[in-house]
Chemist: 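Sharing a structure, written as structure tokens. Questions coming.
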Amino acid sequence: MGASIQNTYGKRPKGFLGGIANSNPLTTKSVTTAEKIEVGKFCTFSASGIINLTGLTNTIAGVVCKSDAMDGATVEANENATLLEDGNVFVYCETACTEGATVYARVTVNGALSVGNVRNDVDNDGTNDRAVAVKATFEETLSGAGIVQIKVNL
């Protein structure tokens, strides 16, 4: 009886918002939320825990990760959350993107586009930027909006 060795490997299928994207090393920490925050979004620190991004000068804390113990797509205020500081994660990208390009995190609402999502530019409305560059790069190319894998390195 013979056996064959797998000699081709495909890309892992897309996961879900806030899902860890691969088995590469990562850095996470357990944090408390100071307000309701969505999974798969970039966030910032406050005196009482992590909160949604509020402006261009926020210190980026990381991406809220999905955990097995979590029901739904949000973490309520004053609950524990897992925060990814370094590693690969799936997030929602509002725009097309190119592998290796810088990731920008939305800091102000723009219509239906919500704070904490990512995109490929600052989304300038002619007077103000509505997204800020973060220490992350796109790990794949998308031709339009959708779930994308990024590499965070805060």
Side-chain angles (χ1 to χ4, degrees), residues 12-99 101-140 142 144-154:
R12 188 177 193 176
K14 292 226 180 184
F16 43 85
L17 292 177
I20 301 301
N22 56 38
S23 60
N24 291 344
L26 51 96
T27 302
T28 63
K29 70 177 169 182
S30 183
V31 294
T32 301
T33 57
E35 63 187 22
K36 184 177 182 178
I37 191 164
E38 292 182 43
V39 173
K41 306 279 187 178
F42 274 95
C43 60
T44 189
F45 297 107
S46 77
S48 54
I50 59 169
I51 59 172
N52 292 293
L53 297 176
T54 59
L56 296 170
T57 59
N58 286 153
T59 299
I60 304 296
V63 176
V64 179
C65 292
K66 179 82 171 156
S67 75
D68 294 337
M70 180 182 290
D71 288 330
T74 59
V75 181
E76 297 298 323
N78 302 312
E79 289 187 357
N80 287 332
T82 301
L83 190 65
L84 178 78
E85 297 176 317
D86 187 23
N88 293 70
V89 65
F90 291 110
V91 295
Y92 181 76
C93 186
E94 304 169 346
T95 61
C97 61
T98 305
E99 183 176 352
T102 299
V103 172
Y104 293 81
R106 173 163 297 288
V107 296
T108 61
V109 175
N110 180 9
L113 304 177
S114 64
V115 171
N117 282 341
V118 304
R119 55 183 297 110
N120 67 3
D121 62 15
V122 296
D123 190 28
N124 188 288
D125 65 359
T127 56
N128 296 308
D129 291 346
R130 296 182 281 203
V132 63
V134 295
K135 292 181 181 177
T137 55
F138 290 105
E139 289 290 294
E140 59 187 322
L142 293 181
I147 294 179
V148 66
Q149 179 181 333
I150 63 170
K151 167 72 172 139
V152 178
N153 186 15
L154 300 176

Chemist: Under the salt bridge (Lys or Arg N to Asp or Glu O under 4.0 Å) rule, what pairs show up with a residue in residues 38-59, not counting sequence neighbours?
Modeler: E38-K41
Chemist: Between N120 and T98, does a side-chain contact (heavy atoms from CB on, under 4.5 Å) hold up when you go through it step by step?
Modeler: CA-CA 8 Å; N120 67 3; T98 305; over 6 Å; no
Chemist: Is the backbone N or O of R119 less than 3.5 Å from a side-chain atom of T95, with the two atoms forming a donor-acceptor pair by type?
Modeler: no
Chemist: Can you tell me which residue pairs pass the salt bridge (Lys or Arg N to Asp or Glu O under 4.0 Å) test with a partner in residues 21-31, sequence neighbours excluded?
Modeler: K29-E85
Chemist: Tell me if a side-chain donor or acceptor on S46 pairs with a main-chain N or O of S48 at a distance below 3.5 Å.
Modeler: yes
Chemist: Please list all pairs meeting salt bridge (Lys or Arg N to Asp or Glu O under 4.0 Å) that have one or both residues in residues 101-113, counting only residues at least two apart or in different chains.
Modeler: E94-R106, R106-D123
Chemist: Can any side-chain N or O of T44 pair as donor or acceptor with the backbone N or O of I51 at less than 3.5 Å?
Modeler: no
Chemist: Who passes salt bridge (charged side-chain N to carboxylate O under 4.0 Å, His left out) against D86, sequence neighbours left out?
Modeler: K151
Chemist: What closest approach, in Å, do I50 and F45 show between heavy atoms, and which atom pair accounts for it?
Modeler: CG2-CD2, 4.3 Å
Chemist: Whether the D125 and T127 side chains hold a donor-acceptor pair (N or O, under 3.5 Å, no angle test) is what I'd like checked.
Modeler: yes
Chemist: Checking side chain to side chain contact (heavy atoms under 4.5 Å, CB included) against V134, which of V103, I150, V118 comes through?
Modeler: V103
Chemist: Please name all residues satisfying salt bridge (charged side-chain N to carboxylate O under 4.0 Å, His left out) with E79, sequence neighbours left out, ordered by chain then number.
Modeler: none
Chemist: Applying side-chain contact (heavy atoms from CB on, under 4.5 Å) to V91 and V63, what does each step give before you reach the verdict?
Modeler: CA-CA 9 Å; V91 295; V63 176; 4.1 Å; yes
Chemist: Ignoring hydrogens and angles, tell me if any N or O in the side chain of E35 forms a donor-acceptor pair with the backbone of N52 under 3.5 Å.
Modeler: yes
Chemist: I'd like to know if the side chain of D129 reaches the main chain of A131, judged simply by a donor and an acceptor atom lying under 3.5 Å from each other, with no hydrogens or angles considered.
Modeler: no
Chemist: Between E140 (side chain only) and Q149 (backbone N and O only), is there a donor and an acceptor less than 3.5 Å apart?
Modeler: yes
Chemist: Output all residues satisfying salt bridge (charged side-chain N to carboxylate O under 4.0 Å, His left out) with K135, sequence neighbours left out; order by chain, then residue number.
Modeler: none
Chemist: Identify the heavy atoms of D121 and Y104 that sit nearest to each other, and give their distance.
Modeler: O-CB, 3.3 Å
